[in-house]
Number of protein chains: 2
Amino acid sequence: MASLRKTDRHAEDETLVETPDLEEFIGYNLKRAYVIVQADFRRALGEDGFAPRVFSALSLVVQYPNVTQSGLARMLGIERSGLVAIVDELEGRGLLKRTNVPGDRRVQALVPTDKGKSVYGEARAAVRAHEDRLLANLSLDEKATLMALLGKIRAGEE
Amino acid sequence: MASLRKTDRHAEDETLVETPDLEEFIGYNLKRAYVIVQADFRRALGEDGFAPRVFSALSLVVQYPNVTQSGLARMLGIERSGLVAIVDELEGRGLLKRTNVPGDRRVQALVPTDKGKSVYGEARAAVRAHEDRLLANLSLDEKATLMALLGKIRAGEE
DNA sequence: CCCATATTGTTAATCTAGTAAACAGTTTAT
DNA sequence: ATAAACTGTTTACTAGATTAACAATATGGG
């Protein structure tokens with residue numbers, strides 16, 4: 001019964017695969033692209049720069065002063081328990097203050113400091129530079145299209 | 001010097017913000033979209049289904065039988081140390097086998113089992129269904145465009 | 001051949017991001 | 001007044017990933 005060997009190995013049959021299944025999935029390509037952009041963000045902002053989520057939080061606090069922590073968590077799409085450390089870091093760096101609100105003694109309104117506003121301005125410029133450099137092979141039109149399509153994915157939720 | 005109060009609070013000045021800075025950044029929108037798709041993937045594949053990365057690994061093993069662990073890690077863009085647990089899980093479920101290669105006693109070639117191939121077929125169908133449902137508000141053209149643009153981001157690296 | 005260098009799979013330690021559950025204090029609604 | 005809901009917080013936990021080290025093995029140069 002020499003014909004029953006099941007472990008025949010055809011060695012290099014990669015040539016049989018025209019296009020890998022994975023490339024057909026949006027989720028896979030989305031993740032790969034996200035990992036690249038996120039890694040470059042960190043590289044660009046450096047050792048003592050902001051992590052992406054801290055930058056995002058600061059951005060919203062600067063643009064929505066007096067936002068509440070729960071509100072900020074909702075905007076970011078994370079749990080409010082997870083926001084505590086982020087706000088701690090920003091407050092520790094002197095970029096925002098937790099302030100109490102007259103009408104409601106539960107909430108802590110988040111107010112950017114002057115330093116927070118100027119530091120955010122610099123960080124935003126650094127992030128813009130990082131994206132411009134990393135995505136240099138996309139035209140402005142392509143970037144706009146990409147944003148619109150990503151927005152459509154987000155619009156499907158809520 | 002009554003004019004030096006720095007803590008004036010304008011309360012609801014959200015109306016001053018036309019469009020939040022964050023929305024201008026590709027990285028932010030990429031992450032938000034990725035989180036949505038990834039969460040739906042897990043929901044769709046259920047409790048004992050595959051995590052995205054395990055599905056990806058199985059996909060590549062089925063399509064590139066006899067791929068080596070190092071090779072697979074390179075394809076997935078992760079460290080080979082991180083791949084061990086993934087391959088352990090797939091082997092534990094009886095979906096692939098680690099086999100030794102005649103020429104080189106270091107490597108473990110990964111070969112899908114028959115069960116592995118059929119289970120992968122079903123999983124792939126489930127993933128396709130999940131993406132079709134989740135991304136129903138994108139046309140085929142839009143999906144193709146999105147894939148192409150994500151591919152361009154990946155092409156920037158390598 | 002010998003020796004330095006590199007590669008493979010693996011383990012262990014560590015880090016980050018994030019969730020879930022519980023909580024005390026406070027507010028809102030019935 | 002009492003129940004329900006909300007806010008910020010802590011704690012415990014999970015998933016994903018990286019780094020460094022290691023033994024076994026392979027490769028290339030003298």
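- Rounded to a whole Å, the CZ atom of B:Arg42 is 15 Å from the P atom of D:dT14.
- Not a single donor-acceptor contact under 3.5 angstrom links the side-chain atoms of A:Ser81 to the base of D:dT11.
- An OP1 or OP2 oxygen of C:dT7 is reached within less than 4.0 angstrom by no side-chain nitrogen or oxygen of B:Gln69.
- Across the protein-nucleic acid pair, B:Asp88 atom CG and C:dT10 atom C1' stand 9 Å apart, rounded to whole Å.
- Under 3.5 Å, the side chains of B:Arg124 and B:Tyr120 contain no donor-acceptor pair of N or O atoms.
- Applying the 3.5 Å distance criterion, the base of D:dT25 shares no donor-acceptor pair with the side chain of B:Arg105.
- Considering only side-chain N and O atoms, A:Arg80 lies nowhere under 4.0 angstrom from the phosphate OP1 or OP2 of C:dA20.
- Both A:Lys31 and A:Gly82 lie near DNA chain D, and the one whose nearest nucleotide falls closer to the 5' end is A:Gly82.
- Side-chain contact between B:Leu149 and B:Thr145: present, with at least one pair of heavy atoms (C-beta onward) separated by less than 4.5 Å.
- Within the nucleic acid shown, A:Gly71 has no heavy atom closer than 4.0 Å to any nucleic acid atom.
- The nearest whole Å value for the distance from the CZ atom in A:Arg106 to the P atom in D:dT7 is 6 Å.
- Regarding A:Glu79, its CD atom lies at a distance of 5 Å from the P atom of C:dT19, rounded to whole Å.
- Between the CG atom of A:Asp104 and the P atom of C:dA24 there is a distance of 19 Å, given to the nearest Å.
- In this structure, the side chains of B:Ile26 and A:Met147 come closer than 4.5 Å at one or more pairs of heavy atoms.
- An OP1 or OP2 oxygen of D:dT9 is reached within less than 4.0 angstrom by a side-chain nitrogen or oxygen of A:Arg98.
- Mapping B:Arg53 and A:Ser70 onto DNA chain D by nearest heavy atom places A:Ser70 at the nucleotide closer to the 5' end.
- Taking the six-membered ring for Trp, A:Phe25 and B:Phe55 have ring centres closer than 6.0 Å.
- Taking atom CD of residue A:Gln38 and atom P of nucleotide C:dT16, one finds them 12 Å apart after rounding to whole Å.
- Taking atom CD of residue A:Gln108 and atom C1' of nucleotide C:dT26, one finds them 13 Å apart after rounding to whole Å.
- A straight line from CG of B:Leu83 to C1' of C:dT11 spans 15 Å, rounded to a whole angstrom.
- Between D:dG8 and A:Thr68, a contact under 4.0 Å exists linking OP1 or OP2 to a side-chain N or O.
- Residues B:Ile86 and B:Ile78 have side chains in contact (heavy-atom distance under 4.5 Å, counting atoms from C-beta outward).
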